Amino acid sequence: MQTNPGKPEDHVVVVLGASPKAGRFSNMAVRQLQAKGYRVIPVHPTADSIADLPVAHELRSISGKVHTLTVYLGPLHSREQLEDIIALAPGRVILNPGTESPDLEARLRSRQIECIQACTLVMLRSGQF
């Protein structure tokens with residue numbers, strides 16, 4: 001894993017599978033990313049806001065350059081999002097523990113989209129994000 005040059009506020013980070021429940025890792029990621037200064041877009045099908053941020057209800061509603069997509073959906077659910085993930089064309093995709101998908105990884109790599117298996121929270125704490 002390589003660290004990211006540039007200022008956090010220059011990077012849009014999309015959290016796919018963000019939860020409005022404060023105890024969930026995806027919610028912690030939204031809050032920690034926000035605290036570090038990243039521009040965060042949580043994605044949840046029904047919530048209107050998470051950590052006081054407006055929520056995108058689907059990936060296809062997001063426009064503009066996305067630096068990182070961090071995934072908190074299991075392989076069955078991320079498979080349903082595959083075409084939207086590819087269309088989003090993020091600079092990299094982080095598959096958090098439990099979200100690993102060889103199918104998704106192969107498709108992303110075939111599109112030259114960096115894909116890593118890692119924990120967003122650990123990456124943030126260790127300065128590797």
Side-chain angles (χ1 to χ4, degrees):
M1 285 177 276
Q2 61 188 51
T3 57
N4 257 331
K7 297 180 235 167
E9 63 269 17
D10 295 336
H11 299 297
V12 173
V13 180
V14 174
V15 181
L16 179 60
S19 174
K21 297 177 183 174
R24 297 282 174 101
F25 292 124
S26 61
N27 185 286
M28 293 177 205
V30 168
R31 290 183 281 118
Q32 286 185 30
L33 286 161
Q34 191 178 22
K36 296 260 188 199
Y38 291 96
R39 293 175 40 219
V40 183
I41 302 173
V43 179
H44 185 280
T46 60
D48 290 322
S49 75
I50 294 175
D52 297 322
L53 293 170
V55 172
H57 293 155
E58 54 189 10
L59 285 174
R60 67 182 65 147
S61 68
I62 299 170
S63 60
K65 183 178 178 187
V66 172
H67 184 274
T68 301
L69 171 68
T70 182
V71 179
Y72 285 92
L73 293 178
L76 292 176
H77 295 291
S78 66
R79 186 176 305 135
E80 298 167 2
Q81 303 284 327
L82 184 58
E83 296 307 319
D84 290 341
I85 291 170
I86 289 169
L88 187 65
R92 69 174 173 175
V93 174
I94 299 171
L95 297 175
N96 288 277
T99 68
E100 300 88 350
S101 168
D103 208 27
L104 176 58
E105 290 178 60
R107 291 283 305 275
L108 291 170
R109 289 193 175 111
S110 75
R111 303 291 173 114
Q112 283 72 51
I113 297 172
E114 179 185 9
C115 183
I116 58 175
Q117 293 181 13
C119 176
T120 297
L121 297 172
V122 170
M123 290 176 73
L124 285 165
R125 286 189 200 121
S126 64
Q128 294 180 315
F129 194 85

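What you see is a predicted model, and the numbers here were worked out from it, not measured in a lab.
Once rounded to the nearest 0.5 Å, the distance linking CE of Met123 with CD of Gln32 reads 13.0 Å. Between the CZ atom in Arg92 and the NE2 atom in His11 there is a gap of 8.0 Å [rounded to 0.5 Å]. Rounded to the nearest 0.5 angstrom, Leu69 CG and Leu16 CG are separated by 5.5 Å.
The two atoms that bring Ala47 and Pro20 nearest to each other are CB-CG, 4.3 Å, heavy atoms only. Pairing each heavy atom of Leu108 with each of Ile85, the nearest pair is CD2-CG2, 3.8 Å. Between Asn27 and Ser19, the closest heavy-atom pair is ND2-O, 2.8 Å. The heavy-atom pair separating Ala118 from Ile94 by the smallest distance is O-CG2, 3.5 Å. Heavy-atom minimum distance, Ile113 versus Ala89: CD1-CA, 4.2 Å. Nearest heavy atoms, Val71 versus Asn96: O-ND2, 2.9 Å.
Residues that satisfy the side chain to side chain contact (heavy atoms under 4.5 Å, CB included) test with Ser61, not counting sequence neighbours, are Ala56, Glu58. Considering only residues two or more places apart in sequence or on other chains, Glu83 meets the salt bridge (Lys or Arg N to Asp or Glu O under 4.0 Å) condition with Arg107. Arg109 pairs by the salt bridge (Lys or Arg N to Asp or Glu O under 4.0 Å) definition with Glu105, not counting sequence neighbours. Shown here are the salt bridge (Lys or Arg N to Asp or Glu O under 4.0 Å) partners of Asp84, two or more places apart in sequence or in another chain: Arg60. Residues meeting the salt bridge (Lys or Arg N to Asp or Glu O under 4.0 Å) test with Arg39, sequence neighbours left out: none. Ala51 pairs by the side chain to side chain contact (heavy atoms under 4.5 Å, CB included) definition with Val30, Arg31, Gln34, not counting sequence neighbours.
Val66 and Val15 are not part of a single hydrophobic cluster, where members link through side-chain heavy atoms under 4.5 Å apart. Following chains of ILVMFWY side-chain contacts shorter than 4.5 Å, one can reach Ile41 starting from Leu95, so the two form part of one hydrophobic cluster. Residues Val14 and Tyr72 do not share a hydrophobic cluster, clusters being chains of Ile/Leu/Val/Met/Phe/Trp/Tyr side chains in contact below 4.5 Å. Note on Leu104 and Leu88: same hydrophobic cluster, where clusters join Ile, Leu, Val, Met, Phe, Trp and Tyr whose side-chain heavy atoms are under 4.5 Å apart, directly or indirectly. A continuous path of ILVMFWY side-chain contacts below 4.5 Å connects Val55 to Tyr38, so both sit in one hydrophobic cluster.
Between Ser78 and Ser101, the side chains place no donor N or O within less than 3.5 Å of an acceptor N or O (distance only, hydrogens not considered).
Side-chain atoms of Glu100 come within 3.5 Å of backbone N or O of Gly98 as a donor-acceptor pair.
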### Task
Starting from the C-alpha separation in whole Å, work towards a yes-or-no answer on side-chain contact (heavy atoms from CB on, under 4.5 Å) for Asp48 and His57.
CA-CA 8 Å; Asp48 290 322; His57 293 155; 3.7 Å; yes
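Of the residues Val13, Ile116, Leu33, the one that meets the side chain to side chain contact (heavy atoms under 4.5 Å, CB included) test with Thr68 is Val13.
Atom NE2 of His77 has 12 or fewer neighbouring heavy atoms from other residues, nucleotides or ligands inside a 6.0 Å radius.
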